[in-house]
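Note on naming: letters A, B, ... go to the chains in the order of the sequence lines (proteins, then strands), and numbering restarts at 1 for each one. Every value quoted in this text rests on a predicted model; they were computed, and no experiment measured them.
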2 protein chains.
Amino acid sequence: MAAIDRSLVRALPMFEKLSDAELDRMLARATLRRVPIGEAVFEQGQKATQFFLLLHGRLKVTQVTSDGQQIIVRVVHPGDIFGFAKALMRDDYPGTPTAAAESLVLCWPTEVWGLFVEQNPHLAVNAMQTIGQRLQEAHTRIREMATEEVERRVAHAVLRLIDQAGRKEGEGIRIDFPISRQDIAEMTGTTLHTVSRILSAWEAKGLVEGGRQKLLVRDAAGLATLAEGES
Amino acid sequence: MAAIDRSLVRALPMFEKLSDAELDRMLARATLRRVPIGEAVFEQGQKATQFFLLLHGRLKVTQVTSDGQQIIVRVVHPGDIFGFAKALMRDDYPGTPTAAAESLVLCWPTEVWGLFVEQNPHLAVNAMQTIGQRLQEAHTRIREMATEEVERRVAHAVLRLIDQAGRKEGEGIRIDFPISRQDIAEMTGTTLHTVSRILSAWEAKGLVEGGRQKLLVRDAAGLATLAEGES
DNA sequence: CAGGGTCTTTGCGCTGGCGCAAGCAGATTG
DNA sequence: CAATCTGCTTGCGCCAGCGCAAAGACCCTG
């Protein structure tokens with residue numbers, strides 16, 4: 001794929017230790033794919049034939065329960081690798097990553113993983129750290145869901161979002177991709193109704209500013225206070 | 001440590017590919033530690049100086065929130081490695097593993113991890129799979145907490161326990177270590193009162209048989225039905 | 001075997017947040 | 001500029017599960 005932007009890849013911590021030659025060898029095996037909004041990179045349950053790196057855009061990873069309920073497991077940000085189920089000894093994908101914004105994805109066949117890791121131990125170590133961090137996040141979320149009430153959970157979720165995907169805008173921080181009340185509900189284990197009510201209350205207090213699939217945080221510190229429970 | 005039982009270690013999938021010489025070299029760096037009931041192997045927040053392998057017994061890993069609430073993150077079973085925070089780029093331990101039953105633990109200094117991995121790539125791959133599985137479990141648990149009501153969550157937790165630590169006993173399966181209602185509550189994000197009520201109801205239906213820090217599942221299939229929501 | 005500690009059970013009242021339902025507001029399309 | 005579609009807001013009633021409280025039941029110790 002001639003069109004792959006090397007500088008984008010080069011900037012990632014995951015690849016910074018690779019030589020130019022090694023990088024080229026990796027990119028030679030990759031394909032580039034554009035994912036329009038609403039489209040899935042792959043589907044939950046599908047056989048894992050590739051693993052991926054998000055170059056640009058934003059993906060929501062969802063899981064569906066047997067009875068049709070949906071939750072958002074995590075958000076994939078540019079620079080994250082995802083869908084490397086094979087490395088974890090699964091042969092199907094555990095979730096569905098859907099583009100929340102127009103996205104650009106680098107794809108490798110799963111067989112390449114072994115080669116990569118052999119040729120460059122950094123990659124394995126790095127991947128392990130990545131998974132380790134995700135595990136941490138997951139445990140944090142479990143703890144929140146077990147001990148905190150809805151408003152605090154939503155506060156935490158929003159803070160995490162502006163941390164991972166915030167862009168300064170005027171007198172606040174904007175979440176830099178389209179996100180609905182429904183999405184936030186699926187991230188915090190509640191309903192869109194409750195999220196809507198909470199955001200309305202926050203707006204009245206001047207903490208945030210809402211909008212259709214938009215959210216601007218005006219007072220991050222205030223939100224943080226709320227999240228820590230000193231309401 | 002002359003007392004280390006090689007056959008115990010040898011049986012673990014984690015080490016089965018190692019040669020006797022390699023195994024000996026690893027064991028030479030290890031120390032053995034007995035952990036009585038109620039004692040912690042290390043404390044949450046402590047600097048990570050060692051990583052561990054549980055040879056025998058059972059550990060509950062807990063996390064405490066800033067406001068003093070406690071949850072059980074997972075249960076460590078014989079053969080599991082734990083406390084390898086350093087490998088995940090943390091320098092403190094994220095939780096506290098406490099002995100639920102008299103336990104036997106193999107301890108290595110963190111510096112050894114790098115050596116192990118270099119000398120034997122299997123170990124790294126294996127460790128990654130382990131973390132991958134834990135991540136999966138964590139996501140499953142998040143999904144359950146977000147979408148299921150308490151009774152089903154408790155059912156799932158109990159099924160997981162008899163799967164990981166079940167021992168046949170007469171006409172049922174016993175959870176093979178002391179576990180209180182409080183523990184189950186901390187695993188499912190509810191209160192010991194609610195757990196007690198649920199177990200009482202199940203006992204009335206003949207699904208389980210309770211007792212002080214004891215639980216015997218009489219009808220696993222029935223529980224599974226309940227867990228899947230076809231109540 | 002008496003006494004105290006720990007774990008468990010159960011009743012009761014309260015409430016956070018869910019479910020339903022109706023109406024509203026921005027975007028998008030012909 | 002209708003018409004429509006999708007996402008957001010809000011009111012209302014209800015109930016699962018929590019918190020409190022008090023009373024067993026089991027276990028260990030002296």
Atom pair CG/CD1 of A/D183 and A/I72 - distance to nearest 0.5 Å =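 Rounded to the nearest 0.5 Å, the CG-CD1 separation comes to 4.0 Å.
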
Between B/T147 and A/I71, does a side chain to side chain contact (heavy atoms under 4.5 Å, CB included) hold up when you go through it step by step?
-> CA-CA 8 Å; B/T147 64; A/I71 66 150; 3.6 Å; yes

Rounded distance (Å) that lies between atom [atom2] of [N] and atom [atom1] of [X]:
X: A/E148; N: D/dC18; atom1: CD; atom2: C1'; value: 17 Å
X: B/Q213; N: C/dT9; atom1: CD; atom2: P; value: 12 Å
X: A/R152; N: C/dG17; atom1: CZ; atom2: C1'; value: 16 Å
X: B/I198; N: D/dC18; atom1: CD1; atom2: C1'; value: 12 Å
X: B/Q182; N: D/dG19; atom1: CD; atom2: P; value: 11 Å
X: A/L192; N: C/dC24; atom1: CG; atom2: P; value: 18 Å
X: A/E203; N: D/dC8; atom1: CD; atom2: P; value: 12 Å
X: B/L215; N: C/dC7; atom1: CG; atom2: C1'; value: 14 Å

A/R197 or A/R212: which one's nearest nucleotide on DNA chain D is closer to the 5' end?
->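 Closer to the 5' end of DNA chain D: A/R212.
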
May I ask you to verify if any side-chain N or O of B/T190 is less than 4.0 angstrom from the OP1 or OP2 atom of D/dG17?
->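 Answer is no, no contact under 4.0 Å.
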
Look at B/T194 and D/dG17 and indicate whether a side-chain polar atom (N or O) is within less than 4.0 Å of OP1 or OP2.
->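 For D/dG17, neither OP1 nor OP2 has a side-chain N or O of B/T194 closer than 4.0 Å.
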
Have a look at B/R181 and say if it touches a base, only the backbone sugar-phosphate, or nothing, with a 4.0 Å heavy-atom cut-off.
->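 B/R181: backbone/sugar contact only, no base atoms under 4.0 Å.
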
Across the strands shown, which category fits A/S196 at heavy-atom distances under 4.0 angstrom: base, sugar-phosphate, nothing?
->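 Contact class for A/S196: base.
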
Would you call A/R160-A/E144 a salt bridge at under 4.0 Å N-O?
->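 Counted as a salt bridge, because a side-chain N and a carboxylate O are separated by less than 4.0 Å.
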
Is the closest basic N to carboxylate O distance between A/R34 and A/E102 below 4.0 Å?
->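 Yes, A/R34 and A/E102 are salt-bridged.
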
Would you tell me whether A/E137 and A/Q133 have side-chain atoms, one donor and one acceptor, within less than 3.5 Å of each other?
->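 Distance-only check fails for A/E137 and A/Q133.
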
Has the side chain of B/H193 got a donor or acceptor atom sitting under 3.5 Å from an opposite partner on the base of C/dT8?
->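 Side chain to base: no pair below 3.5 Å.
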
Can you tell which of D/dG17, D/dT10, C/dC18 lies closest to the side chain of A/S200?
->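 The answer is D/dT10.
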
